[in-house]
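Quick notes on the structure that follows.
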Amino acid sequence: MDYGDIMKVDTSGASKKTAAQDKLTYDGVPASETMANTDLGSVNKYKLIIQKVGAQKRIDPAIIAAIISRESRGGKVLKDGWGDHGNAWGLMQVDKRYHTPKGGWDSEDHLSQGTDILIDFIGKIKKKFPSWTAEQQLKGGIAAYNIGLRGVQTYERMDLGTTGDDYSSDVVARAQWYKKNGF
């Protein structure tokens with residue numbers, strides 16, 4: 001894989017706010033792992049496409065699975081493929097205000113587009129923070145997927161302002177769980 005090792009990325013996992021979505025009384029990595037497990041059945045429906053896109057784009061499929069879990073709970077929270085009050089499309093929630101959504105909400109075209117957006121952000125983070133390790137740049141790219149490039153200012157505070165103030169930490173923890181569980 002070309003973007004660092006997801007298993008080496010440090011993470012604090014889900015915030016109390018994110019964990020509260022599932023009425024969890026705990027937060028952190030255990031909460032992220034519980035939510036990833038809750039979504040496993042739904043995410044597994046797309047496993048072959050996730051693995052294919054991951055291989056084509058040279059990015060760990062576990063990261064794609066984790067973004068799908070975080071963004072759409074494996075598709076469970078979408079209405080006719082839409083989320084975020086009709087602004088975001090598909091499993092990876094491509095925002096129509098910034099991108100023209102491609103393909104069906106659960107299609108390979110959609111996952112390719114969402115993954116390309118993520119990879120683009122990782123590249124922009126590499127340029128913005130060339131001294132960061134590959135793993136730090138990967139985590140920064142994941143944060144930027146949610147908040148945009150300008151939102152990522154420092155490594156320690158990259159999640160400040162992201163949804164739940166924990167986006168990259170939660171996605172990383174979910175990705176590590178998916179990596180250990182078949183992705």
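Small disclaimer: the values here were computed from a predicted structure and weren't measured.
Of the possible polar contacts, none joining the Lys45 side chain to the Leu40 backbone as a donor-acceptor pair under 3.5 Å is found. Within the 3.5 Å criterion, the main-chain N or O of Gly182 finds a donor-acceptor partner in the side chain of Lys47. A donor-acceptor pair under 3.5 Å is formed between the side chain of Lys128 and the backbone N or O of Val152. Here the side chain of Glu135 pairs no donor or acceptor atom with the backbone of Lys8 at under 3.5 angstrom. Looking at Asp165, its side chain does come within 3.5 Å of a backbone N or O of Gly161 through a donor-acceptor pair. Remark: side-chain polar atoms of Gln113 are not paired, donor with acceptor, to backbone N or O of His110 under 3.5 angstrom. The main-chain N or O of Ile122 is never found under 3.5 Å from a side-chain atom of Gln137 such that the two would form a donor-acceptor pair. Counting only distance, with no hydrogens or angles, the side chain of Gln153 and the backbone of Met158 share no donor-acceptor pair below 3.5 Å.
Within the model, atoms CG of Asn181 and CH2 of Trp177 stand 4.0 Å from one another, a figure rounded to the nearest 0.5 Å. Annotation: the span from Leu111 atom CG to Trp105 atom CH2 amounts to 10.5 Å, rounded to 0.5 Å. Atom CD in Gln136 sits 5.0 Å away from atom OH in Tyr155 (nearest 0.5 Å).
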Please test Met92 against Ser72 for side chain to side chain contact (heavy atoms under 4.5 Å, CB included), starting from the C-alpha separation and ending with a verdict. CA-CA 7 Å; Met92 293 182 78; Ser72 68; over 6 Å; no
Take Lys16 and Asp27, measure what salt bridge (Lys or Arg N to Asp or Glu O under 4.0 Å) needs, and give me the verdict at the end. CA-CA 5 Å; Lys16 285 187 185 350; Asp27 59 358; 3.3 Å; yes
If you apply the rule side chain to side chain contact (heavy atoms under 4.5 Å, CB included), what do you find for Gln56 with Glu108, and how did you get there? CA-CA 11 Å; Gln56 287 170 344; Glu108 183 179 333; 3.6 Å; yes
With side chain to side chain contact (heavy atoms under 4.5 Å, CB included) as the test, would you mind laying out the steps for Ser15 and Thr18 before giving the verdict? CA-CA 5 Å; Ser15 65; Thr18 297; 3.4 Å; yes
Stepwise, does the salt bridge (Lys or Arg N to Asp or Glu O under 4.0 Å) test hold for Lys57 with Asp116? CA-CA 8 Å; Lys57 308 287 182 187; Asp116 283 341; 2.9 Å; yes
Could you check Asn44 against Phe183 for side chain to side chain contact (heavy atoms under 4.5 Å, CB included), going step by step and ending with a plain yes or no? CA-CA 9 Å; Asn44 263 339; Phe183 278 87; 3.5 Å; yes
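Between the side chains of Asp170 and Ser32, at least one donor N or O lies within less than 3.5 Å of an accepting N or O. Judged purely by distance below 3.5 Å, without hydrogens or angles, the side chains of Gln93 and Tyr145 never pair a donor atom with an acceptor atom. Donor-acceptor pairing under 3.5 Å is recorded for the side chains of Asp159 and Ser168. Looking only at atom types and distance, the side chain of Arg174 has a donor-acceptor partner in the side chain of Ser69 under 3.5 Å away.
Using a 4.0 Å cut-off between a side-chain N of Lys or Arg and a carboxylate O of Asp or Glu, Arg97 and Asp84 qualify as a salt bridge. Looking at Asp22 and Arg73, a side-chain N of the basic residue comes within less than 4.0 Å of a carboxylate O on the acidic one, giving a salt bridge. Salt-bridge formation is detected for the pair Asp39/Lys76: a Lys NZ or Arg NE/NH1/NH2 atom is positioned less than 4.0 Å from an Asp or Glu carboxylate oxygen. For Lys139 and Asp10, the salt-bridge test passes: some basic side-chain N is under 4.0 Å from an acidic carboxylate O.
Between Ser42 and Gly74, the shortest heavy-atom distance links the atoms CB-O, 3.5 Å. Of all the heavy atoms in Ile119 and Tyr3, the pair that sits closest is CG2-OH, 3.2 Å. The two residues Thr34 and Tyr26 have their closest heavy-atom pair at OG1-OH, 2.8 Å. The shortest heavy-atom contact between Leu91 and Leu78 is N-CD1, 4.1 Å. Scanning both residues, Trp132 and Thr154, for their nearest heavy atoms gives CZ2-C, 3.9 Å. Of all the heavy atoms in Leu138 and Gly4, the pair that sits closest is CD2-O, 4.2 Å.
Taking the centre and axis of the six-membered ring of Trp89, the NZ or CZ atom of Lys102 falls outside the cone set by 45° and 6.0 Å.
More than 12 heavy atoms of other residues, nucleotides or ligands shown are found within 6.0 angstrom of CG on Leu160.
Among Asn146, Asp166, Ile142, the one residue that satisfies the side chain to side chain contact (heavy atoms under 4.5 Å, CB included) test with Arg70 is Asp166.
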